[in-house]
Amino acid sequence: MSLPVVELFYSLQGEGRYAGTPSLFIRLGGCNLGCPGFGCLSPSPRDGSLLQGCDTLRAVDKKHFGHLWRSFEDSNELKAACTKLLADERAPARWHCVITGGEPVLHFTNPILYDLITWLVDCHIPVTIETNATVPIDFTRYPAYTHLFYSMSVKLANSGEAYDRRVRPEVITSYATHGTEAWLKFVVSRHNLDAQVAEIKAISSIAPAVEVYLMPLGSTPSELEANAPAVFELCRRHGWRYSDRIHIRLFGNRGGI
């Protein structure tokens with residue numbers, strides 16, 4: 001069994017609870033959602049066609065991008081690549097690891113990923129899984145996952161996905177119960193605010209003790225800027241936490257940053 005890695009890079013976390021934290025990013029390939037409602041356009045490197053979906057479509061669409069992914073066949077190979085990258089980047093002694101996608105939890109039973117996570121936990125490295133919180137984890141069989149942080153980016157109707165595909169209450173509850181830390185993170189636009197607020201309240205009631213972060217929709221600095229004031233006001237009014245998207249604001253929708 002191999003593990004598809006789209007990107008492996010060192011940067012600062014751009015969003016959520018640990019925004020600004022020096023982090024090693026491991027972006028895995030594959031996703032169970034397409035989120036066409038986000039409307040991010042990306043040209044196919046295979047045939048030049050224009051594809052639509054989320055801002056990390058390169059990690060979602062295996063048909064068009066899969067040939068660019070790197071397959072790791074052994075966990076020691078992946079650990080060595082991580083160690084070399086951190087040394088090359090002169091990373092500080094205290095850093096986090098962010099495992100993202102696509103949807104990284106699709107690979108939770110993969111022995112290469114599980115061995116990597118076990119190694120990170122044993123080294124006392126904080127690990128965040130960025131997930132859409134729709135894929136259940138067997139925490140009993142794979143106990144290392146109980147030591148991780150779960151950034152649950154549950155999708156709203158603006159994603160274009162059907163409700164029963166994007167909201168899985170039992171998975172949200174499981175992550176919040178078994179993870180060392182967990183928080184909810186929603187992508188919000190300035191349009192149809194009342195409907196988005198109603199959805200956020202309904203979804204957050206599934207795990208009422210979990211903190212809620214709102215991020216403005218945007219795959220470009222201009223789109224981010226257009227949505228940010230309305231999202232900021234929602235957070236101020238409802239007591240939610242505002243999360244910017246530092247990487248988008250500074251660099252646009254670039255990979256590896």
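What you are looking at is a predicted structure, and each value in this text was computed from that prediction instead of being measured.
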With salt bridge (charged side-chain N to carboxylate O under 4.0 Å, His left out) as the criterion, how do Asp61 and Arg46 come out once you've worked through the C-alpha distance, each side chain's angles and the decisive distance to 0.1 Å?
CA-CA 11 Å; Asp61 194 325; Arg46 187 172 289 280; over 6 Å; no

Within a reach of under 6.0 Å around CZ of Phe232, are more than 12 heavy atoms found that belong to other residues, nucleotides or ligands?
no

Transitively linked via ILVMFWY side-chain contacts under 4.5 Å: Val135 with Tyr163?
yes

When hydrophobic residues are tied together by side-chain contacts of less than 4.5 Å, even through go-betweens, does Leu217 share a cluster with Tyr242?
no

Distance-only, no hydrogens or angles: does the Glu7 side chain make a donor-acceptor pair with backbone N or O of Phe25 under 3.5 Å?
no

Just verifying a value: how many Å separate Ser204 OG and Glu199 CD, rounded to the nearest 0.5 Å?
11.0 Å

Would you name the heavy atoms of Val210 and Ala176 that are closest together and state the gap between them?
CG2-CB, 3.7 Å

Heavy-atom closest contact (Asp74 atom, Ile112 atom, distance)
N-CD1, 3.8 Å

Contact between Asp138 and Phe108 at the side-chain level, heavy atoms closer than 4.5 Å - yes or no?
yes

Which heavy atom in Ile200 sits nearest to a heavy atom in Leu214, and how many Å separate them?
CD1-CD2, 3.6 Å

Mark yes or no for whether His238, through its side chain, and Leu234, through its backbone, hold a donor-acceptor pair below 3.5 Å.
no

Would you check, one step at a time, whether the test side chain to side chain contact (heavy atoms under 4.5 Å, CB included) holds for Trp119 with Ser75?
CA-CA 10 Å; Trp119 173 65; Ser75 61; over 6 Å; no

Under a 4.5 Å cut-off applied to non-hydrogen side-chain atoms, are Leu24 and Glu89 in contact?
no

Before we go on, tell me: are the rings of Tyr150 and Tyr145 under 6.0 Å apart, centre to centre?
no

Quick one, Glu223 with Arg245, criterion salt bridge (charged side-chain N to carboxylate O under 4.0 Å, His left out). Give me CA distance, side-chain angles, the key distance, then yes/no.
CA-CA 11 Å; Glu223 186 181 17; Arg245 307 186 76 190; over 6 Å; no

Derivation of the side chain to side chain contact (heavy atoms under 4.5 Å, CB included) call for Arg17 and Arg241
CA-CA 9 Å; Arg17 178 175 289 179; Arg241 292 177 178 263; over 6 Å; no

Less than 4.5 Å apart, side chain to side chain, heavy atoms only: is that true for Ile26 and Leu116?
yes

At their closest point, which heavy atom of Trp95 faces which heavy atom of Ala93, and how far apart are they?
CD1-O, 3.6 Å

Are Ser49 and His64 packed together at the side-chain level, in the sense that at least one heavy-atom pair is separated by less than 4.5 angstrom?
yes

Ser222 and Thr220 side chains, donor-acceptor separation under 3.5 Å:
yes

Is the number of heavy atoms from other residues, nucleotides or ligands under 6.0 Å of His67 NE2 greater than 12?
yes

If two hydrophobic side chains count as joined below 4.5 Å and joins carry through other members, does Phe186 share a cluster with Ile172?
yes

Donor-acceptor pair, side chain of Glu15 and main chain of His247, under 3.5 angstrom:
no

Work out which heavy atom in Tyr175 is nearest to a heavy atom in Met152; give both atom names and the distance.
CB-SD, 3.7 Å

For Ala202, is there any backbone N or O sitting under 3.5 Å from a side-chain donor or acceptor partner on Ser205?
yes

Is it true that a side-chain atom of Tyr10 and a backbone atom of Asp88 form a donor plus acceptor pair closer than 3.5 Å?
no

Could you tell me whether the side chain of Gln52 and the main chain of Gly39 form a donor-acceptor pair under 3.5 Å?
no

With a 3.5 Å distance limit and no angle check, can you tell me whether Trp69 reaches the backbone of Leu28 through a side-chain donor-acceptor pair?
no

For residues 96-107, which side-chain donor-acceptor pairs fall under 3.5 Å, sequence neighbours excluded?
{"unit_1": "Thr100", "atom_1": "OG1", "unit_2": "Glu130", "atom_2": "OE1", "d": "2.8"}
{"unit_1": "Glu103", "atom_1": "OE1", "unit_2": "Thr131", "atom_2": "OG1", "d": "3.3"}
{"unit_1": "Glu103", "atom_1": "OE1", "unit_2": "Asn132", "atom_2": "N", "d": "2.7"}
{"unit_1": "Glu103", "atom_1": "OE1", "unit_2": "Asn132", "atom_2": "ND2", "d": "3.3"}
{"unit_1": "Glu103", "atom_1": "OE2", "unit_2": "Val105", "atom_2": "N", "d": "3.0"}
{"unit_1": "Glu103", "atom_1": "OE2", "unit_2": "Thr131", "atom_2": "OG1", "d": "3.0"}
{"unit_1": "His107", "atom_1": "NE2", "unit_2": "Gly29", "atom_2": "O", "d": "2.8"}

Donor-acceptor pair, Asp55 side chain versus Ser219 backbone, under 3.5 Å?
no

Correct closest heavy-atom pair for Pro169 and Ile206 would be O-CG2, 3.6 Å

Is there a donor-acceptor pair closer than 3.5 Å between any side-chain N or O of Asn158 and the backbone N or O of Phe38?
no

Between the main-chain N or O of Val60 and the side-chain N or O of Lys62, is there a donor-acceptor pair closer than 3.5 Å?
no

Find the distance between OG (Ser243) and CH2 (Trp183) and round it off to the nearest 0.5 Å.
10.5 Å

Flag the pair Thr56 / Arg27 as yes when at least one side-chain heavy-atom distance between them is below 4.5 Å, and no otherwise.
yes

